[in-house]
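These numbers were taken from a predicted model, which means no experiment stands behind them. Each ligand, and each atom within it, is numbered from 1 in the order the structure gives.
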Amino acid sequence: MNDFIAREKEAIYQTYGRLPIQIEKGDGVYLYDELGNIYIDFISGIGVNALGHSNPKIKKAISNQIDKYMHSSNYFYQRPQIKLAEKIKELTGLDKVFFCNSGTEATEGAIKLLRKYGNENGRKGILAFPNGFHGRTNGSLSLMEQPKYRENMAPFLEETFVFHGNANDLVSGKYDNLAGIVIETIQGEGGIYEFPKELYEAINKLQTECGVPIVADEIQAGLGRTGTMFSYTQFGLNPDLVLSAKALGGGLPLGAIIVGKKLSSVFTQGNHGTTFGGNAVACAAGLVVINELENGVLKNSEKLGKYFKEKLAILKQNHSKTVLELRGRGLFLGLKLNTEPSEVRDKLIEKKILTCTASNKVLRILPPLNVTEEIIDTFIEKLAEVLDEK
Ligand code: PLP
């Protein structure tokens with residue numbers, strides 16, 4: 001392991017704080033390290049591995065597609081891309097899909113699209129919300145304000161704003177001419193955080209009364225994570241544009257911009273594109289993800305989410321000094337702690353359990369969506385042991 005740490009330091013640009021584990025393989029909810037240790041993985045590749053590691057159906061679909069071809073370019077019509085887009089349309093009721101490769105690339109495309117829509121319709125400015133996370137490229141960072149992501153990286157895009165105020169301020173007339181509002185319905189990096197319900201209502205009002213397009217960033221919260229296919233449905237939002245990535249590619253890089261009728265003619269041929277977007281292998285994997293969600297995994301996320309939350313609520317009661325708040329829906333869960341969550345995370349690693357942290361002292365818990373009660377029980381038992389020592 002020390003050898004890997006030293007080699008990584010020498011060879012790789014030091015932008016990540018890594019956990020002291022060298023991964024050898026994954027299988028379902030388990031990750032194996034090079035020493036033979038087996039971990040219960042409740043990070044799930046930061047929400048990517050919705051079906052767990054090395055899912056046999058994903059492997060088969062990938063392998064079948066590789067046997068045919070891997071990459072052809074967007075010069076051609078491609079069956080897996082079209083099938084996945086049709087499936088996404090069916091799920092969202094929206095009109096068109098543009099495939100890209102990552103979350104931040106989806107955000108960038110959305111900003112571009114909103115700009116064009118705004119310029120053609122006399123609308124200006126894109127509004128986002130405090131503590132949101134939309135990616136690491138310059139456009140995405142322009143919708144964020146946390147210094148830890150932005151320090152010394154200015155200038156950012158013009159006419160981008162982060163809203164500070166309450167729901168009443170939002171409907172006060174200052175924001176009726178926006179080109180778009182971008183919101184993570186439930187914030188992931190921001191600490192599994194939900195806004196007061198009045199804020200979602202105010203956003204809805206700006207859309208219905210003033211025609212402001214809504215963009216729901218479902219990159220982390222989407223695709224079954226919160227117990228419904230997309231989290232925005234739980235907040236009564238009808239977005240004009242949905243951003244998807246992470247779980248969408250079943251472990252391969254895949255993102256999507258999904259637009260409703262209002263925005264589906266804004267881009268015309270040549271306005272947007274990407275070499276790898278909608279790669280056939282990634283789309284073949286994505287189809288399995290959605291089929292599996294529809295064939296029981298989504299139900300499991302909802303059911304086990306309730307089970308998990310009940311267990312966590314008891315744990316919170318028993319550790320009320322350390323656990324201040326239980327957050328989240330479905331299997332998108334967080335515990336706000338009054339201690340550093342990285343300490344709890346590290347103690348859990350010693351017990352062969354993997355979790356990650358989020359902003360504002362939150363321990364973030366992202367099991368695969370096909371997790372079982374038994375695994376959840378083991379997690380609760382180990383977490384209780386760690387908290388008992390606090
Ligand atoms: N939006 C949200 C809500 C995210 O959680 C993330 C990544 O964590 C992104 C956007 C950026 O996605 P990516 O890292 O694939 O660029």
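Under the 6.0 Å cut-off for aromatic ring centres, Phe195 and Tyr193 qualify, their centroids lying closer than that.
For ligand 1, the polar-atom distance check finds an N/O of Phe133 within less than 3.5 Å of one of the ligand's N/O atoms. Residue Thr107 has no N or O atom closer than 3.5 Å to an N or O atom of ligand 1. Geometrically, ligand 1 and Asp217 share a nitrogen or oxygen pair separated by less than 3.5 Å. Annotation: Glu105 places no N or O atom under 3.5 Å from an N or O atom of ligand 1; distance criterion only. Close N/O approach between Gly103 and ligand 1 is found [any backbone or side-chain N/O within under 3.5 Å].
Remark: of the listed residues Lys351, Lys390, Lys352, Lys351 is the sole one forming a salt bridge (charged side-chain N to carboxylate O under 4.0 Å, His left out) with Glu385.
The atoms of ligand 1 that sit less than 4.0 Å from any heavy atom of Thr104 are 11 (C), 12 (O), 13 (P), 16 (O). For ligand 1 and Glu184, the ligand atoms under 4.0 Å from any heavy atom of the residue are 3 (C).
Geometrically, Arg150 engages Phe156 in a cation-pi contact defined by less than 6.0 Å to the ring centre and at most 45° from the axis.
The residue among His134, Met144, Glu189, Gln187 with a heavy atom at the shortest distance from atom 10 (C) of ligand 1 is His134.
When hydrogens are left out, the protein atom nearest atom 5 (O) of ligand 1 is Gln220 NE2, 2.7 Å; that is the closest non-hydrogen contact.
By the 6.0 Å contact criterion, NZ on Lys205 is open, its count of non-hydrogen atoms from other residues, nucleotides or ligands being 12 or less. Heavy atoms of other residues, nucleotides or ligands lying less than 6.0 angstrom from OH of Tyr30 number 12 at most. Other residues, nucleotides and ligands contribute at most 12 non-hydrogen atoms within 6.0 Å of the NZ atom of Lys57.
Protein heavy atoms all stay at least 4.0 Å away from atom 14 (O) of ligand 1.
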Cys356 vs Arg364, test: side chain to side chain contact (heavy atoms under 4.5 Å, CB included). Steps then yes/no. CA-CA 5 Å; Cys356 55; Arg364 188 167 26 158; 3.6 Å; yes

